[in-house]
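Single-structure report; data block below.
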Amino acid sequence: MGDFLSESKQRDPLLLSFPQQWTSERLLIRAPRPGDGAVVNEAIVESEVELAPWMTWAHPLPTVEQSETNARRGHINFLAREDLVLYIFNLQTGAFVGSSGLHRIDWELRSFELGYWVRSSQAGQGFITEAVHSISNFAIRYLHANRLEIRCDENNHASVAVARRAGFTLEAKLRNARRDQQGKLGNTMIFSKVHGVEYDRNEWAMEE
C-alpha cells in the first residue's frame with residue numbers, strides 16, 4: 001500500500017481540518033478557550049509543590065491574568081496550527097484535570113512532542129495516562145503522525161511512568177541535558193512511538 005498521505009503532506013497546516021475537542025472514556029479533551037484562565041490558574045496554584053520542580057512556568061506562580069493570557073494564546077496557536085495545547089476535564093464532574101498537548105511540531109516530518117501535567121487533587125487516578133493514549137490516537141488519526149515523542153527529567157518518576165504505561169519506547173537518555181530549579185544538572189529521558197514500529201497509521205486510514 002502506498003503512502004496514503006502523499007497529497008496531504010504538502011498542504012499548508014492552516015488548511016488541515018481536525019477536531020478541537022473529543023472525549024475518551026472518562027475525559028473531555030479540548031483546545032483552550034477564552035475564559036479558561038481562572039480554572040487553570042486555580043489548578044496551578046493548588047499543584048505548586050508538585051509542579052515547581054519540573055515546570056519552570058509554575059515558579060513563580062502565574063497570576064489569573066497571565067493564565068488567561070496563556071489560554072487565549074493557546075486558542076490562537078491551535079487555530080494557527082502552531083502549537084496544540086489541550087485542556088483535560090473530568091467528563092462526569094466537569095472538573096479541570098490538567099493539561100497536555102502536541103508541541104515542537106514539524107509538519108513536514110509529522111513529528112509531535114507530547115507534554116502533560118496533572119492537577120494534584122486529580123492525580124493517581126490514571127487520567128493523564130488515559131489522556132496521553134487518547135491524544136496519541138488523535139495525532140495518528142487526524143494529524144497523520146510519523147513520530148510522537150515524550151521528554152522528561154529522569155527523576156520525574158510520575159512522568160516516566162506515564163510514558164511507559166502509554167506504550168512509548170525509551171529511545172535515549174541525554175546526560176546533563178537540563179538543569180533543575182536549583183541549577184543542578186540532570187538527564188533527559190526521550191520516549192517515542194513511531195509509524196511502522198509501535199503503530200501503523202495506514203490502519204487508521206483504512207478505517208475511515
Side-chain angles (χ1 to χ4, degrees), residues 27-75 77-78 82-90 93-105 112-136 148-166 168 170 172-192:
L27 303 171
L28 168 67
I29 302 170
R30 66 165 174 80
R33 299 171 183 167
D36 282 337
V39 69
V40 174
N41 187 266
E42 180 182 63
I44 294 171
V45 171
E46 172 191 305
S47 311
E48 178 184 13
V49 173
E50 289 77 21
L51 293 176
W54 320 113
M55 307 294 185
T56 56
W57 47 260
H59 183 77
L61 288 171
T63 65
V64 174
E65 290 78 12
Q66 288 171 329
S67 294
E68 177 62 22
T69 297
N70 289 336
R72 295 186 183 207
R73 184 176 293 112
H75 176 75
N77 288 341
F78 194 99
E82 293 177 357
D83 187 64
L84 304 181
V85 173
L86 292 161
Y87 288 164
I88 305 164
F89 297 85
N90 185 306
T93 67
F96 180 79
V97 171
S99 180
S100 184
L102 298 163
H103 315 297
R104 297 186 184 182
I105 298 172
F112 308 86
E113 180 181 333
L114 278 85
Y116 44 84
W117 63 271
V118 64
R119 183 178 193 162
S120 295
S121 60
Q122 300 291 323
Q125 302 179 64
F127 287 142
I128 294 301
T129 300
E130 180 177 330
V132 170
H133 272 296
S134 185
I135 294 166
S136 297
L148 298 170
E149 179 178 293
I150 293 173
R151 292 179 176 232
C152 56
D153 191 295
E154 180 181 37
N155 294 316
N156 189 345
H157 303 300
S159 287
V160 169
V162 167
R164 295 188 189 278
R165 286 195 299 266
F168 282 70
L170 178 61
K173 179 168 72 172
L174 306 183
R175 297 175 295 171
N176 288 350
R178 63 196 305 139
R179 289 188 185 272
D180 63 19
Q181 295 285 34
Q182 288 72 45
K184 182 179 178 182
L185 287 169
N187 302 330
T188 296
M189 309 287 279
I190 302 179
F191 295 86
S192 67

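Numbers for residues simply follow the sequence, beginning at 1.
- Without hydrogens or angle criteria, Asn187 side chain to Lys173 main chain gives no donor-acceptor distance under 3.5 Å.
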Problem set entry | Audit row: Trp117, Trp57, side chain to side chain contact (heavy atoms under 4.5 Å, CB included) steps and yes/no | CA-CA 12 Å; Trp117 63 271; Trp57 47 260; 3.6 Å; yes

For this session: Would you please test Val160 and Phe191 for side chain to side chain contact (heavy atoms under 4.5 Å, CB included) and show each step?
Result: CA-CA 9 Å; Val160 169; Phe191 295 86; 3.8 Å; yes

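- Distance check, rounded to the nearest 0.5 Å: CZ of Arg73 to CD of Gln66 gives 10.0 Å.
- The backbone N or O of Gly94 lies less than 3.5 Å from no partner atom in the side chain of Asn90, so there is not a single donor-acceptor pair.
- Minimum interatomic distance between Gln122 and Phe96 (heavy atoms only, all atoms of both residues): CG-O, 3.9 Å.
- One N or O on the side chain of Ser99 and one on the backbone of Leu86 form a donor-acceptor pair closer than 3.5 Å.
- Contact detail for Val85 and Phe78: the closest heavy-atom pair is O-CD1, 3.8 Å.
- Under the 4.5 Å side-chain criterion, counting only non-hydrogen atoms from C-beta, Arg165 is not in contact with Ile128.
- In plain terms, the two heavy atoms of Ile44 and Ser67 that are nearest each other are CD1-OG, 4.3 Å.
- Here Asn70 contributes atom CG and Glu65 contributes atom CD; the two are 12.0 Å apart, rounded to the nearest 0.5 Å.
- For the pair Asn155 and Trp54, the minimum side-chain heavy-atom distance is below 4.5 Å.
- Of the possible donor and acceptor atoms, none in the side chain of Ser134 sits under 3.5 Å from a partner among the backbone N and O of Glu130.
- Looking at every heavy atom in both residues, Ser159 comes nearest to Cys152 through CB-CB, 3.9 Å.
- Checked against side chain to side chain donor-acceptor pair (under 3.5 Å), Arg179 has no partners two or more places apart in sequence or in another chain.
- Leu114 contributes atom CG, which lies 6.0 Å from atom CG of Leu148 (distance to the nearest 0.5 angstrom).
- Inter-residue side-chain proximity for Glu113 and Leu102 is flagged as unmet; no heavy-atom pair is nearer than 4.5 Å.
- Within the model, atoms CG of Asp83 and CG of Asn77 stand 5.5 Å from one another, a figure rounded to the nearest 0.5 Å.
- Nearest heavy-atom pair across Ser100 and Gly115 is OG-O, 2.6 Å.
- Each of Asn41, Val40, Thr69, Val45 was compared with Pro62 under the side-chain contact (heavy atoms from CB on, under 4.5 Å) criterion, and only Asn41 meets it.
- Between Arg151 and Thr188, the side chains place no donor N or O within less than 3.5 Å of an acceptor N or O (distance only, hydrogens not considered).
- In this structure, CD1 on Ile88 lies 10.5 Å from CZ on Phe127, to the nearest 0.5 angstrom.
- Taking every heavy atom of both residues into account, Val132 and Ala166 meet most closely at CG1-CB, 3.6 Å.
- Residue pairs meeting the salt bridge (Lys or Arg N to Asp or Glu O under 4.0 Å) criterion with at least one member in residues 44-60, sequence neighbours excluded, are Glu46-Arg119.
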Exercise. Could you go step by step and tell me if Asp153 and Arg178 meet the side chain to side chain contact (heavy atoms under 4.5 Å, CB included) rule?
Worked result: CA-CA 8 Å; Asp153 191 295; Arg178 63 196 305 139; 3.4 Å; yes

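- Residues passing the salt bridge (Lys or Arg N to Asp or Glu O under 4.0 Å) test with Glu82, sequence neighbours excluded: none.
- You'll find the side chain of Ile150 reaches within 4.5 Å of the side chain of Tyr116, heavy atoms only.
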For this session: Could you walk me through whether Phe89 and Leu27 pass side chain to side chain contact (heavy atoms under 4.5 Å, CB included), step by step?
Result: CA-CA 6 Å; Phe89 297 85; Leu27 303 171; over 6 Å; no

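- Judged by distance alone, with hydrogens and angles left aside, the side-chain atoms of Glu68 form no donor-acceptor pair with the main-chain N or O of Pro34 at under 3.5 Å.
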